[in-house]
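Small disclaimer: the values here were computed from a predicted structure and weren't measured. All residue numbers refer to positions in the sequence shown, counting from 1. Atoms within each ligand, like the ligands themselves, are counted from 1 in listed order.
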Amino acid sequence: MKAKIKLDKDFTIGQIDPRIFGSFIEHLGRAVYGGIYEPGHPSADEAGFRQDVLALIRDIDVPVVRYPGGNFVSGYNWEDGVGPRAQRPRRLELAWNSIETNEIGLNEFCDWCKKAGTDPMMAVNLGTRGPDEARALVEYANFAGGTALSDLRRAHGYQKPHDIKLWCLGNEMDGPWQMGGKTATEYGRTALEAAKLMKLVDSSIQLVACGSSNTGMPTFGHWESTVLDMTYDEVDYISLHTYYGNRDGDMKSFLASAMDMDAFIQSVVSICDYTRAIKRGKKDIMLSFDEWNVWFHSNDADSAIKKWQEAPPMLEDRYDMADALVVGTMLNALLRNADRVKVACMAQLVNVIAPIMTQNGGPAWRQTIYWPYLQASRYGRGTSLRAAVESPKYDSKQYGDVPALDASAVYDAHSRTVTVFAVNRGIGDALETAIDLRAFGDARLTLHSTLHHADLTAVNTAAAPDNVAPQDGPGGTMDAGIFTALLPAASWNVLRFHV
Ligand code: AHR
């Protein structure tokens with residue numbers, strides 16, 4: 001089996017916004033309590049943040065973390081999470097049927113972001129609340145001082161404003177499961193008014209309008225076009241969310257899931273451009289793919305979780321080798337669409353459908369999906385190249401013909417490197433892949449890292465945290481600017497060249 005990738009530094013897609021390597025922490029399950037925060041844990045710092053978890057996050061280099069939800073935000077009172085802890089209310093949390101203690105809120109999260117080397121991406125509640133609370137939250141968070149709300153933040157111990165730049169106008173407002181869910185027209189009006197007020201308080205912020213919760217929503221497409229028609233002048237991004245799963249054991253289709261993600265992105269880009277055209281607009285609406293991942297392993301276990309617990313172990317998918325391949329191809333899809341996808345958040349970061357798992361009082365470890373995420377974030381900065389890929393195909397029930405080779409490529413002029421992220425999603429055969437780098441002059445391989453396991457169901461656990469981990473790949477041969485490598489069946493590969 002043979003495949004080809006041809007690259008040229010003049011064939012570019014666009015500059016990669018580092019924020020496409022963002023992630024997400026929701027007040028859900030053990031993401032916050034037991035995930036990032038566990039006072040009393042041996043690794044906890046003076047503020048109760050787990051330093052073992054922080055170290056794993058810093059290694060990925062996550063530029064932005066969305067917070068506090070998710071479905072959670074649609075019933076959240078941000079005021080509950082600020083001020084003296086002893087006075088913070090315990091609440092029924094209706095999105096996930098849990099108890100929220102409010103021990104962590106906006107200020108602590110911003111402290112944590114500094115420690116994690118990341119920036120907050122804050123969501124406002126447009127479900128049970130509306131523009132007025134959103135306005136107040138921006139003032140509390142971002143206004144320097146001298147007003148009641150900014151002085152309240154200062155009285156809470158935060159003299160300097162948090163200066164949060166990126167804000168989500170609600171979450172999945174098209175979903176009937178969402179507290180305060182809306183029709184597109186209802187949401188469009190609310191989002192527009194919230195956006196106006198928020199930008200009146202701080203004109204430097206960027207705003208993300210809610211797109212559809214997934215392409216299966218009956219309103220998909222109409223929702224985006226209605227919402228953008230109403231909010232075009234005030235918003236900067238439209239959100240996309242998607243989760244894939246292998247519920248019926250159709251591995252070939254599951255491994256091809258990113259084909260759906262590519263098509264999803266293209267559809268939303270078309271709607272953004274249609275809106276710009278009919279408005280004779282001057283700006284492109286960019287995409288914020290602010291929830292994406294594999295999510296299905298924990299579905300059955302979650303239906304048995306008892307209501308009204310604090311931080312129950314929900315959505316704790318144990319990711320296997322196959323999931324890492326799908327995540328790798330999803331990262332490739334984001335890179336291939338770097339001209340329009342400017343923000344993306346792997347959902348989520350710790351314990352809840354996450355690359356990092358913890359035990360309460362115990363260790364933290366990397367799941368399989370941690371590795372492609374870390375490597376794409378570390379090596380995927382620069383200019384996304386338009387890779388011309390020729391690949392053998394396999395047949396799948398859901399997507400028909402699927403190219404076995406899925407690839408993206410990044411050129412970083414500063415470090416003079418070309419990085420190719422290549423997934424051989426063929427489960428039967430290794431793929432001899434020729435990467436044509438002639439347009440770059442002299443090219444030398446500096447890294448070949450391969451994530452591969454003979455068993456697609458292999459996972460990492462607390463006892464065996466490195467069962468699935470990247471190994472040095474075999475490299476290959478360079479002949480007159482064409483590098484040829486053998487990519488094992490079902491493998492994620494990073495090939496990095498100095499050019
Ligand atoms: O990430 C888990 C949940 O998935 C989020 O709360 C919601 O926005 C989505 O449906």
Notebook entry, point to check: Does the distance from a Lys or Arg side-chain N to an Asp or Glu carboxylate O, for Arg88 and Glu108, drop under 4.0 Å?
Noted result: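 Between Glu108 and Arg88 there is a salt bridge, with a charged N closer than 4.0 Å to a carboxylate O.
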Give every pair made of an N or O atom of ligand 1 and a protein N or O atom lying under 3.5 Å apart, one pair per line with both atom names and the distance to 0.1 Å, or write 'none'.
from, atom 1, to, atom 2, distance (Å)
ligand 1, 1 (O), Tyr243, OH, 2.8
ligand 1, 1 (O), Glu291, OE1, 3.4
ligand 1, 1 (O), Gln348, NE2, 3.0
ligand 1, 4 (O), Glu291, OE1, 3.1
ligand 1, 6 (O), Glu26, OE1, 2.6
ligand 1, 6 (O), Glu26, OE2, 3.1
ligand 1, 6 (O), Asn71, N, 2.9
ligand 1, 8 (O), Asn171, OD1, 3.2
ligand 1, 8 (O), Asn171, ND2, 2.9
ligand 1, 8 (O), Glu172, OE1, 3.4
ligand 1, 8 (O), Glu172, OE2, 3.4
ligand 1, 8 (O), Glu291, OE1, 3.2
ligand 1, 8 (O), Glu291, OE2, 2.6
ligand 1, 10 (O), Glu172, OE1, 2.7
ligand 1, 10 (O), Glu172, OE2, 3.2

Residues which pass side-chain hydrogen bond (donor to acceptor under 3.5 Å, both in side chains) with [X], listed by chain and number, not counting sequence neighbours:
X: Glu316; answer: Arg30
X: Ser288; answer: Asp290
X: Asp250; answer: Ser253

Notebook entry, point to check: Going by the angle between their ring planes, with limits at 30° and 60°, are His27 and Phe72 parallel, tilted or perpendicular?
Noted result: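 Geometry flag for Phe72 against His27: parallel rings.
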Margin query: In this structure, is the centre-to-centre distance between the rings of Phe264 and Phe220 below 6.0 Å?
Written below: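 So the answer is yes for these two rings.
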